[in-house]
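What follows is a single structure, written as structure tokens, with notes after it.
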Amino acid sequence: MEDLKKALETCGALQFGDFTLASGAKSSYYIDIKKASTKPEVLGLIAKQMAAKIKEMGLKPKRVGGVVLGAIPLATALSLETGIPLLMVRKEKKDHGTGKLVEGDFEKGDEVLMVEDVVTTAGSCIKAINGLREEGVIINRIFSVIDREGGGKENLAEIGVELSALVKGSDLLKDASQ
């Protein structure tokens, strides 16, 4: 965790100021994971730590899934690190072409490990999970880089999904230089 915390600080992903989060909540800090996921060394570190967590927990998902846009580099890196096939999930079904919500091959009953960048209330995660469950896949767990500790873990638990984060928001704020 300390390696990742330092990498996030060094690449400028951790910022201080007045921010409005996707959930609508106000915050004195912001975690710009896109800054981290566009840096190969930080993205690689995230993938390695998530892969280690999969092994440590004895998980055997059939697919790794990420929601467009923020989670796609993370899920792709994890897929490359582990060899687990990737699913890319849209925020909503396309209204043209095939009208798919999910890109990538899967079968009903496949267990999917969802990957997320930052979880606050988990609103967008829950929407994606519900959409995927309608497609027939099983989702019991999400890995996120950051848990902002804004109720997301509890909200996910209410729908039977466990959140595992590499770093908690409170850990990032410890000893943070402002």
(request) Can you see which heavy atom on L156 is nearest to which on A122, and at what distance? (result) CG-CB, 3.7 Å

(message) Show, in sequence, the C-alpha distance, side-chain angles and deciding distance for D32 and Q15, and conclude whether the side-chain contact (heavy atoms from CB on, under 4.5 Å) test is met.
(response) CA-CA 8 Å; D32 185 355; Q15 302 170 23; 3.7 Å; yes

(request) Locate the shortest heavy-atom distance separating C125 from E116; write the atom from each residue and the value. (result) SG-OE2, 3.2 Å

(message) Just so I know, are the side chains of L14 and Y29 near enough to count as touching, which here means a heavy-atom distance under 4.5 Å?
(response) yes

(request) With the side chain counted from C-beta on, respond yes when D147 and K153 share a heavy-atom pair under 4.5 Å apart, and no when they do not. (result) yes

(message) Ring of Y30, cation from R148 - is the NZ or CZ under 6.0 Å from the centre and inside 45° of the axis?
(response) no

(message) Quick one, L8 and I33 - any side-chain contact, counting heavy atoms below 4.5 Å?
(response) yes

(message) Less than 4.5 Å apart, side chain to side chain, heavy atoms only: is that true for V161 and N140?
(response) no

(request) Find out whether I72 and V115 are in side-chain contact, i.e. whether some heavy atom of one side chain is under 4.5 Å from a heavy atom of the other. (result) no

(request) For K35 and C11, work out which heavy atoms get closest and say how close. (result) CD-O, 3.6 Å

(request) Check S144 against V119 and note the closest heavy-atom contact, atom names and distance. (result) CB-CG2, 3.7 Å

(request) Go through D110 and I138 one step at a time and tell me if the side-chain contact (heavy atoms from CB on, under 4.5 Å) criterion holds. (result) CA-CA 6 Å; D110 280 353; I138 298 166; over 6 Å; no

(message) If you define the side chain from C-beta out and look only at heavy atoms, does anything of D117 sit under 4.5 Å from I146?
(response) no

(message) I need the minimum non-hydrogen distance between V112 and G65, along with the two atoms involved.
(response) CG1-N, 3.8 Å

(request) State, yes or no, whether a side-chain contact exists between S124 and V67 at a heavy-atom distance under 4.5 Å. (result) no

(message) Any salt bridge linking E162 with R141? Criterion: basic side-chain nitrogen under 4.0 Å from a carboxylate oxygen.
(response) yes

(message) I'd like to check V118 versus V145 (side-chain heavy atoms, cut-off strictly below 4.5 Å). Are they in contact?
(response) no

Just distance, no hydrogens or angles: give the donor-acceptor pairs under 3.5 Å from side chains in residues 48-61, sequence neighbours left out.
none

(message) Given 3.5 Å as the limit, does a donor-acceptor pair link the side chain of K34 with the main chain of G70, or not?
(response) no

(message) Would you say that more than 12 heavy atoms from the other residues, nucleotides or ligands in this model lie under 6.0 Å from the CD of E107, or not?
(response) no

(message) I'd like to know whether E103 forms a salt bridge (Lys or Arg N to Asp or Glu O under 4.0 Å) with R90, so could you lay out the CA-CA distance, the side-chain angles of the two residues, the decisive distance to 0.1 Å, and finally the verdict.
(response) CA-CA 8 Å; E103 294 294 342; R90 289 187 172 82; 2.9 Å; yes

